[in-house]
Protein chains: 2
Amino acid sequence: MKDRSLDTAVKDSKAPAIARAAAILRLLGRSEVPKGLQPIARELGLVPSTCLYVLRALLEEELVSLDTATKRYSLGPGVLSLARHWLHRDPFASLAQPVLNDLATRFAVTCIGVEISGLDRITAVAVAEGAGNFRLSTEVGSRFPALLSATGRCIAAFGGHDMERLRPRFEKLRWDNPPDFALWSEQVLETRAQGYAADVGHYIAGVTVMAAPVYRTSETPSHALVALALSRTLDEKARLRLGKALVGGAQTVTRQLGDM
Amino acid sequence: MKDRSLDTAVKDSKAPAIARAAAILRLLGRSEVPKGLQPIARELGLVPSTCLYVLRALLEEELVSLDTATKRYSLGPGVLSLARHWLHRDPFASLAQPVLNDLATRFAVTCIGVEISGLDRITAVAVAEGAGNFRLSTEVGSRFPALLSATGRCIAAFGGHDMERLRPRFEKLRWDNPPDFALWSEQVLETRAQGYAADVGHYIAGVTVMAAPVYRTSETPSHALVALALSRTLDEKARLRLGKALVGGAQTVTRQLGDM
DNA sequence: ATCTTTCATTCGATATAGTGAATACTATTC
DNA sequence: GAATAGTATTCACTATATCGAATGAAAGAT
């Protein structure tokens, strides 16, 4: 399970140590248990000595911690500290939270606020869970491919991209019930028309995802409000109401982001 | 405001790019607004070109994000993702949470679970707030000097350190009402005797902090449960009860950590 | 207890990351 | 509209971070 992305990132970079460091952090994050030097180096295709120097530097910064008895490395508390600062500094997270809470309780759905960074991935930066016996849940910090599901249609619809150029990325996505490109294009047009996107069972069978775009400054959406629910709890009428509510919430947040 | 720690960390390191990267991340975290290349380089005493390469590498890893219009850098969503993995992976956070919730509601205090990493700093990794009109609050990811307040006395009391060797670190601490070293030593002994520590108004005037140690494997505490309250809401009798409850909770968590 | 295997760590040679000056670009001032 | 002051960015040289082999330390097997 060698990290292919590492090779390309290290090559031609003027600071390859950082790509290696990030790969190590991701690896340690993925891993259930603390890992020794050798396994880390092997999995990432690094020279052990180099890997050791990187780990020592990360240790120094408290981004990884070392069990001195067993010489096993794991993520350090420094990453928490960074995340705290991130949340503090990002106005979207705090502005979106009350809106998400409201939507989550009113419609008994799980709501998340996501940051859109390019066409690659989106990151959940705020979550709110409604009541109900069975809830779909995620955590702050979860990441998803950008073009997937309802959020993907929002990005495609409002991002000002040429559909044909999105096609190669679209082809790579993994859905439970993948729409073909023609259907997807149609759904994107629909999204543009109604102002919000809906994904009924395509991404995850039995789950409905809806999303509306939020704009920070530019014309392309920087964030989105997303709602998740079991499809059987949302009929077409409920979807319509939820869609309108999402758009309303998204506009509120967009407006508030503008005044800052 | 040049980061002194950077100079020493870069020197003699075999991966200085990482120290620089971490310094940049911390700087961007501290900063209220996104920053351009030059200010970053200036504040950290870096050569702009080097700084640019580091930023580009961090950008590649999505640990910082760049507003392409204004060329301003800020922390990226990747740090959230790392933090999520950290929380997922750390058994203490999830084991301590219910205990903290329970203590917080029963005593109407704010409870936090902290990780102790060495003698330098502790990091809050779980938080629970009780009811009450005025609550003291912190967030997950906040960091404090290790020897400060009640937690500091715990570390000194149960960490197996020689008191005289702690003295230089003790002298550097900043308290609202600093105890002198003799008094502090006495309080450390008292902590060792009763199993928990109490700080009544020393660290922050008008605030009482109490703490009990949690052990992962070794004989020195790896974590602690901490309770915070306004001093006027906690008389001596309440402190005694809360102290006992903290010790009980800490023992529960210690036991559960052992079975893994 | 001895041999193997596997691990972390050190160390010298060399490809290359970091530097600082030069360049290109973009706002701001006159 | 030209000049200035500030910015980001490129580029070639060189100090040095990275590599790979060698060493040392520990765990496992016989």
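First the proteins, then the strands, lettered A, B, ... as listed; each starts at 1.
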Non-neighbouring partners of D120(B) that pass salt bridge (charged side-chain N to carboxylate O under 4.0 Å, His left out), sequence neighbours left out: R169(B)

Rounded distance (Å) that lies between atom C1' of dC13(D) and atom NZ of K14(A): 11 Å

Proximity to DNA chain C (any heavy atom under 4.0 Å), residues of residues 63-75 of chain B only: none

Length of the CG-C1' vector between L55(A) and dT9(C), whole Å: 13 Å

Donor-acceptor pair (no angle test) under 3.5 Å: S49(B) side chain, dG18(C) base: no

Contacts under 3.5 angstrom, residues 90-98 of chain A side chains, donor-acceptor by atom type, not counting sequence neighbours:
from, atom 1, to, atom 2, distance (Å)
D90(A), OD2, A93(A), N, 3.3
S94(A), OG, P91(A), O, 3.2
Q97(A), NE2, N101(A), OD1, 3.2
Q97(A), NE2, V127(A), O, 3.1

Value in whole Å for how far the C1' atom of dA17(D) lies from CZ of R20(B): 11 Å

S31(A) side-chain N/O to L27(A) backbone N/O, donor-acceptor pair under 3.5 Å: no

Helical bend (five base pairs per end, nearest 10°) for the helix from dA1(C)-dT30(D) to dC30(C)-dG1(D): 40°

Output side-chain donor-acceptor pairs under 3.5 Å for residues 144-160 of chain B, partner residues at least two apart or in another chain, one line each.
from, atom 1, to, atom 2, distance (Å)
R153(B), NE, Q187(B), OE1, 3.1
R153(B), NH1, A198(B), O, 2.8
R153(B), NH1, D199(B), OD2, 3.3
R153(B), NH2, Q187(B), OE1, 3.1
R153(B), NH2, D199(B), OD2, 3.2

L37(B) CG - dA8(D) P separation (whole Å): 5 Å

Pairs under 3.5 angstrom only: tabulate donor-acceptor contacts from the side chains of residues 75-87 of chain B to other protein residues two or more places apart or in another chain.
from, atom 1, to, atom 2, distance (Å)
R84(B), NE, E139(A), OE1, 2.7
R84(B), NE, S142(A), OG, 3.0
H85(B), ND1, S81(B), O, 3.1
W86(B), NE1, L75(A), O, 3.1
W86(B), NE1, G76(A), O, 3.2

